[in-house]
Amino acid sequence: MHVLVVEDDNLLGDALQAGLRDRGFAVDWVRDGIAADTVLRTGDFAAVVLDLGLPRRSGLDVLKQLRARGQSVPVLVLTARDAIDDRVAGLDAGADDYVVKPAAIAELAARLRALVRRAHGAGSEQLVIGELALEGSTRRVSYRGSEVELNAREFDLLRELMLNAGRVLTREQLEQRLYDGDGAVESNTIEVFIHHLRRKLAPEVIRTIRGVGYVLPRGGGGGHG
Ligand code: CA
């Protein structure tokens, strides 16, 4: 699996490259935003690990340009521990997932594999719950007849909730299903993606059952009135 690592910190970049190679990835490593943009235009990568704070061009700009060109390669963003804004901005700009620095290589590798597998493993299923519709083959989602842009994680999370409509899923269950049982997921990851889904769809589409988990009501959540 050929991945691109974009990281200007030499120590971290070196560790990422070595660690991912140890785990069977072929790794290209570039250290600034212009170099990243150049190789992304021509390179054929299964996934990208992208630092946001880069010299010459920010990771966020690299990501926006990538998506503006219509390239859908999965992107996993590296963010600093306290930089919640970075995370949100990264996801809004088209990142599929994020990992907080310093990233454990095992977690990073597991997330990359999961992202790539999901990007390729589109099913033919069509799910319709209330006014929500999801199509597996195209990974398209619409709500009340309007198409909604979701990243890979948001899509997977919504799909899981739709498959289990009317049933409460705990955060742990969702983490297991989205991250293939990898135990090293940040504790608020699911909350972040739930928040995004509510913002992109409607707040009532996903209900929080306090102390238990989340449920997508069978009526699709927006059906009252
Ligand atoms: Ca940096």
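Atoms within a ligand are numbered from 1 in the order they appear, just like the ligands themselves. Every heavy atom of this structure was used, including side-chain atoms; hydrogens, water molecules and symmetry mates were not.
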Quiz item: Do the charged groups of Lys200 and Asp92 touch, with an N to O distance under 4.0 Å?
Solution: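 Salt bridge absent between Lys200 and Asp92.
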Quiz prompt | Heavy-atom check, side chain of Phe193 versus side chain of Asp97, under 4.5 Å | solution =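 Of all side-chain heavy-atom pairs linking Asp97 with Phe193, at least one is under 4.5 Å.
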Quiz item: Do Leu76 and Val99 come within less than 4.5 Å of each other through their side chains, counting heavy atoms only?
Solution: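 Yes, close enough: below the 4.5 Å cut-off.
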Quiz prompt | the Ca ion (ligand 1) - name of the N/O/S atom of Asp8 that sits closest to it | solution = OD1
Practice problem: Would you name the N/O/S atom of Asp51 that lies closest to the Ca ion (ligand 1)? | Solution: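 Nearest N/O/S atom of Asp51: OD2.
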Any N/O/S of [X] under 3.0 Å from the Ca ion (ligand 1)?
X	value
Gly53	yes
Asp9	no
Glu7	no

Quiz item: Between Arg198 and Thr208, does any side-chain donor sit less than 3.5 Å from a side-chain acceptor?
Solution: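 Side-chain D/A pair, Arg198 to Thr208: present.
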Quiz prompt | Side-chain donor-acceptor pair present, His2, Asp44, cut-off under 3.5 Å | solution = no
